[in-house]
Amino acid sequence: APFLDLAILALAELPEYQNETGLLPASRIPALAARVLNGEYGVAESLCRMGTRLEHILIDEFQDTSREQWQALRPLVEEALSRGGSLTWVGDVKQSIYGWRGGEPELFDAVFEDQGLTRLAPGGERRNLPRNWRSRREVVEHNNRIFAPLENVITAQRVLAALLPADTPQDVLAAATQRLNRAFAATAQQCPPEARNGGLVRAEDIQGASQDDLRELVLERLCELLRDEIGPRRAWS
């Protein structure tokens, strides 16, 4: 409760602080952009100016897009589609690392389920890129062994049952299983014939008596790897 009171006080001072410093928290930008583009009364002037210039929209790393960011972009997308333009969104749910900032990989499917957009562009399609041109063969094959089994419903359910609390309601588990299964469908990748062989993947089993204990052990092991194995072989820059 004391921390909550402190947060309320800090939040009340935020507008004045922003005016004095000219600084804006990054987390506020999507909401402000949405307000500017949506317009509270009629069509926003900003939307009129930007919407007429944008026809084809490409969003990369879409797995890290937050719902607020998407809501800010949506008016521009809708305007582009209404004039025969296009929306292309690209990403990989396996690389989603911005959940702490609101990134939602589930938005991949939510766009297809947006009736306002699908009414304007009913011919949307999903394309899975079958080949990995970036990584060496051992890395690609390791990822396939880890992630490809999740496109099996039974495997996905077993994994979630092990991760979630034992008293998780069955309907919640079933919905989560469906999302996980759909997210990793067709996730296995092939190596092109000219792919470089080699690559190193090494897994270590680190066990701790508690989460804090495990965190300390992992950090200690990471420092050892940096100091003894990676540091001597790679420049710190």
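Between E194 and R131, none of the side-chain N atoms (NZ, or NE/NH1/NH2) sits under 4.0 Å from a carboxylate O, so this pair counts as no salt bridge. By the 4.0 Å N-to-carboxylate-O rule, D64 lies too far from R101 to be salt-bridged with it. The existence of a salt bridge linking E229 and R233 is excluded, since no basic side-chain nitrogen approaches an acidic carboxylate oxygen closer than 4.0 Å. Here R221 pairs with E224 in a salt bridge; the nearest charged N to carboxylate O distance falls below 4.0 Å.
Using a 4.5 Å heavy-atom cutoff, the side chains of L107 and R67 are in contact. Inter-residue side-chain proximity for N132 and S135 is flagged as met; some heavy-atom pair is nearer than 4.5 Å. Counting heavy atoms from C-beta outward, I29 and E68 have side chains that stay 4.5 Å or more apart. Within the 4.5 Å cutoff, the side chain of N144 has heavy atoms near those of the Q189 side chain. Contact check for L173 versus L164: side-chain heavy atoms found under the 4.5 Å cut-off. V153 places a side-chain heavy atom less than 4.5 Å from the side chain of T177. Residues Q18 and P25 are in side-chain contact: their nearest non-hydrogen atoms beyond the backbone lie under 4.5 Å apart. Contact annotation: the side chain of I57 approaches that of I59 to within less than 4.5 Å [non-hydrogen atoms, C-beta and beyond].
For R28, the CZ atom is loosely surrounded, since the number of other residues' heavy atoms within 6.0 Å does not exceed 12. Heavy atoms from other residues, nucleotides or ligands lying under 6.0 Å from CG of L58 number more than 12. Within 6.0 Å of the OH atom in Y98, the count of heavy atoms belonging to other residues, nucleotides or ligands does not exceed 12.
Under the salt bridge (Lys or Arg N to Asp or Glu O under 4.0 Å) criterion, R136 pairs with no residue at all, not counting sequence neighbours.
Here the shortest heavy-atom pairing between T155 and P149 reads CB-O, 3.3 Å. Summarising the geometry of P30 relative to A26, their closest heavy-atom pair is CD-O, 3.5 Å, with the distance given to 0.1 Å. Between R215 and D212 the shortest heavy-atom distance is NH1-OD1, 2.9 Å. The minimum heavy-atom distance linking G231 with W236 is given by the pair CA-CZ2, 3.5 Å.
Between the side chains of Q63 and E61, at least one donor N or O lies within less than 3.5 Å of an accepting N or O. In this model, a donor atom of one side chain and an acceptor atom of the other lie less than 3.5 Å apart for Q207 and D205.
The backbone N or O of G116 lies less than 3.5 Å from a partner atom in the side chain of D114, making a donor-acceptor pair. Judged by distance alone, with hydrogens and angles left aside, the side-chain atoms of D60 form no donor-acceptor pair with the main-chain N or O of W89 at under 3.5 Å. When atom types are taken as modelled, the side chain of Q69 and the backbone of S66 share a donor-acceptor pair closer than 3.5 angstrom. For S96 (side chain) and V93 (main-chain N/O), no donor-acceptor pair under 3.5 Å exists by modelled atom type.
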Discussion item. Walk me through whether T187 and E151 qualify under side-chain contact (heavy atoms from CB on, under 4.5 Å).
Written reply: CA-CA 8 Å; T187 194; E151 66 180 354; 5.6 Å; no

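Note on L180 and F112: same hydrophobic cluster, where clusters join Ile, Leu, Val, Met, Phe, Trp and Tyr whose side-chain heavy atoms are under 4.5 Å apart, directly or indirectly. Tracing side-chain contacts under 4.5 Å through hydrophobic residues (I, L, V, M, F, W, Y), one never reaches V172 starting from L150; they form parts of separate clusters. Transitive grouping of hydrophobic side chains (ILVMFWY, heavy atoms separated by less than 4.5 Å) keeps L14 and L6 in distinct clusters.
Each salt bridge (charged side-chain N to carboxylate O under 4.0 Å, His left out) pair with one or both residues in residues 164-188, not counting sequence neighbours, appears once here: D109-R182, E113-R182.
A distance of 11.0 Å separates CG of L87 from CG of L76, quoted to the nearest 0.5 Å. To the nearest 0.5 angstrom, E16 atom CD is 10.5 Å from T21 atom OG1.
Using bins of under 30°, 30° to 60° and over 60° for the plane-to-plane angle, the ring pair W70/F62 lands in the perpendicular bin.
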